[in-house]
Amino acid sequence: MSFSEKILNWYVQNKRQLPWRNTTDPYKIWLSEIMLQQTRVAQGIPYYEKFVKKYPTVQDMAVASEQEILKLWQGLGYYSRARNMHHTARKVTEEMDGKFPQTYEGLIKLKGVGDYTASAIASISFGQLEPVVDGNVYRVLARYFGVDTPINSGPGIKYFKNLARELMPDENIRDYNQGLMEFGAIQCAPKKPYCLHCPLNDSCVALQKNLIASLPAKLKNNSIKKRYFNYLVPLDPKSNTRLHKREGKGIWQNLYEFPLIESPKELNINELKELMPKEAPFADLTEVIAFNADNIVHKLSHQHLYTRFWICRTSSEIADGITPAELEDYPVPVLIADFIKTLKISYF
DNA sequence: AAATCGGGGTA
DNA sequence: TACCCAGATTT
């Protein structure tokens with residue numbers, strides 16, 4: 001039995017029932033693929049359900065505001081995905097008659113759609129013979145064929161894509177591609193794969209050479225930067241406050257947060273007061289107190305955010321302030337959402 | 001080619 | 001703690 005036949009047989013026996021498995025609607029396949037980029041299926045499912053319900057078609061997504069999209073995306077991370085997705089929804093609706101391109105070449109031109117996603121939509125939605133190579137596929141192929149070329153190197157990316165193309169069957173590409181990824185996720189798992197009853201265990205190079213734990217090979221970059229965030233949380237007599245939109249480059253673009261002072265090191269209250277703006281809403285402070293005694297460490301992939309929230313009470317009303325209820329309307333990072341939750345329990 | 005972009009699950 | 005997740009984009 002060929003490699004692809006074994007994968008297809010395994011898939012028939014082991015496939016999960018997932019919400020995007022019973023459609024070939026390119027909008028829904030596209031939506032699911034964008035959401036699942038660097039994201040576990042289990043984490044993506046509730047978001048997929050929310051989005052399909054609120055935006056049943058690409059036109060529905062196109063007419064929504066970016067802020068609305070980001071709010072629904074809140075907590076899923078990698079927010080550029082949401083911004084690019086929204087941009088593409090408008091592009092498809094306004095310039096492509098609401099129809100997604102039906103080929104890899106057309107799909108990959110869309111913002112937020114790279115090699116993997118273009119291949120996935122082309123094959124799963126349109127049945128085009130294109131191989132998908134995601135993290136799961138890298139792992140399965142590296143182990144089964146005993147390839148130690150780093151999967152995140154230029155040569156590795158090219159090698160595994162070519163290998164995947166040679167292996168794919170000339171029919172059932174929809175099930176084969178999804179089956180190969182599913183096989184990697186469930187059977188050939190990163191840690192403790194189930195080699196004992198694996199349909200490929202009679203011919204897996206990594207298993208024979210005891211290389212399961214060391215494959216796939218990956219070049220790693222270990223630079224984690226520390227940053228110190230001081231959030232100033234203005235609170236007027238009505239418990240109104242203020243949020244700012246994060247602009248420019250960097251994390252959390254177009255999400256909202258409290259006024260922020262970033263410093264090269266941790267600040268005590270006196271150092272903080274020196275740096276605080278004197279204009280509204282901080283013109284007439286009655287009290288500044290640290291909400292959290294110890295830093296909250298919010299960990300992202302490449303940076304750790306040492307964060308303190310400072311409650312800044314003012315005697316006069318904040319102009320254009322945000323009420324506690326209105327705080328819920330803004331897309332915010334999880335760090336801010338968690339703080340707001342605690343603030344509401346202890347202050348409002 | 002290397003860095004950046006989130007948040008959560010798993011051992 | 002370290003690694004990984006149905007990767008893409010920017011530098």
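Throughout, a chain's letter reflects where its sequence line sits, starting with A, and its residues are numbered from 1. Remember, predicted model here, so these are calculated numbers, not experimental data.
- Atom-to-atom, CG of Asn136(A) to C1' of dC4(C) comes out at 10 Å; the value is rounded to the nearest Å.
- For the pair Lys220(A) and dA2(C), the criterion of a side-chain N or O lying under 4.0 Å from OP1 or OP2 is not met.
- Nearest-nucleotide mapping onto DNA chain C: of Ser32(A) and Lys299(A), the residue sitting toward the 5' end is Lys299(A).
- With dA6(C), dA11(B), dG6(B) as the choices, the nucleotide that has an atom nearest any side-chain atom of Gln38(A) turns out to be dG6(B).
- Proximity of Trp73(A) to Tyr47(A): side-chain heavy atoms (C-beta onward) are nowhere separated by under 4.5 Å.
- Phosphate proximity of dA3(B) to Lys225(A): absent, as no side-chain N or O sits under 4.0 Å from OP1 or OP2.
- Between Glu266(A) and Lys226(A) there is no salt bridge, since no side-chain nitrogen of the basic residue lies less than 4.0 Å from a carboxylate oxygen of the acidic one.
- Which of dT11(C), dT9(C), dA3(B) sits closest to the side chain of Asn221(A) comes down to dA3(B).
- dA3(B) and dC3(C) are spaced 16 Å apart, taking the P atom of each and rounding to whole Å.
- For Glu182(A), the listed nucleotide lying nearest its side chain is dA6(C); candidates were dG7(C), dT10(B), dA6(C).
- Atom pair Lys158(A):NZ and dA1(B):C1' shows a separation of 13 Å (rounding to whole Å applied).
- Taking atom C1' in both dC4(C) and dG6(B), one finds a spacing of 13 Å when rounded to whole Å.
- Using a 4.0 Å cut-off, some side-chain N or O of Trp252(A) falls inside it from OP1 or OP2 of dG7(B).
- Comparing dG7(B), dA6(C), dT4(B) by their closest approach to the side chain of Leu36(A) singles out dA6(C).
- The pair Lys265(A)-Glu271(A) meets the salt-bridge criterion, with a side-chain N (NZ, NE, NH1 or NH2) lying under 4.0 Å from an Asp/Glu carboxylate O.
- Of the candidate nucleotides dC5(C), dA6(C), dG7(B), dC5(C) has the atom nearest to the side chain of Arg139(A).
- If you measure from atom CZ of Arg81(A) to atom P of dT9(C), you get 12 Å, rounded to the nearest angstrom.
- The distance between atom CH2 of Trp73(A) and atom C1' of dC5(B), rounded to the nearest whole Å, is 13 Å.
- Side-chain proximity of Lys192(A) to dA6(C), dT11(C), dA11(B): nearest is dA11(B).
- Counting non-hydrogen atoms under 4.0 angstrom, Gly75(A) reaches the backbone sugars and phosphates but no base.
- In terms of modelled atom types and a separation under 3.5 Å, the side chain of Asn152(A) and the main chain of Lys218(A) share no donor-acceptor contact.
- Residue Ser223(A) places its side chain closer to dT4(B) than to any other of dT4(B), dA6(C), dC5(C).
- Separation of the P atoms belonging to dA6(C) and dA11(B) is 14 Å when rounded to the nearest angstrom.
- Regarding contacts with the backbone of dG6(B), every side-chain N or O of His298(A) stays at 4.0 angstrom or more from both OP1 and OP2.
- Checking the phosphate oxygens (OP1, OP2) of dA8(C), a side-chain nitrogen or oxygen of Thr117(A) falls inside 4.0 Å.
- DNA chain B is contacted by both Gln43(A) and Leu219(A); Leu219(A) maps to the nucleotide lying nearer its 5′ end (nearest heavy atom per residue).
- Residue-level contact check: Leu18(A) touches the bases, meaning some heavy atom is under 4.0 Å from a base atom.
- At a cut-off of 3.5 angstrom, counting only N and O atoms as typed in the model, there is a donor on one side and an acceptor on the other between the side-chain of Ser301(A) and the base of dG6(B).
- Side-chain atoms of Asn292(A) come within 3.5 Å of backbone atoms of Phe309(A) as a donor-acceptor pair (strictly under, hydrogens ignored).
- Rounded to an integer number of Å, the gap from Gln187(A) CD to dA6(C) P is 15 Å.
- Within the 4.0 Å cut-off from OP1 or OP2 of dC5(B), at least one side-chain nitrogen or oxygen of Gln303(A) is found.
- Side-chain atoms of Thr39(A) stay outside donor-acceptor range of the base of dG7(C), with no qualifying N/O pair under 3.5 Å.
- Atom CG of Asn152(A) and atom P of dC4(C) are 10 Å apart (whole Å).
- To the nearest angstrom, P of dA11(B) lies 17 Å from CD1 of Ile212(A).
- At a threshold of 4.0 angstrom between heavy atoms, the contacts of Arg21(A) include nucleobase atoms, whether or not backbone atoms are also involved.
- Remark: Lys71(A) does not engage Asp329(A) in a salt bridge, criterion side-chain N to carboxylate O under 4.0 Å.
- Counting distance only, with no hydrogens placed and no angle test, the side-chain atoms of Arg40(A) and the base atoms of dC4(C) include a donor-acceptor pair under 3.5 Å.
- Regarding contacts with the backbone of dC5(C), every side-chain N or O of Tyr78(A) stays at 4.0 angstrom or more from both OP1 and OP2.
- If you check dA6(C), dG6(B), dC3(C) against the side chain of Lys191(A), the one that comes closest is dC3(C).
- Salt bridge annotation for Lys344(A)-Glu328(A): present, with a cationic side-chain nitrogen under 4.0 angstrom from a carboxylate oxygen.
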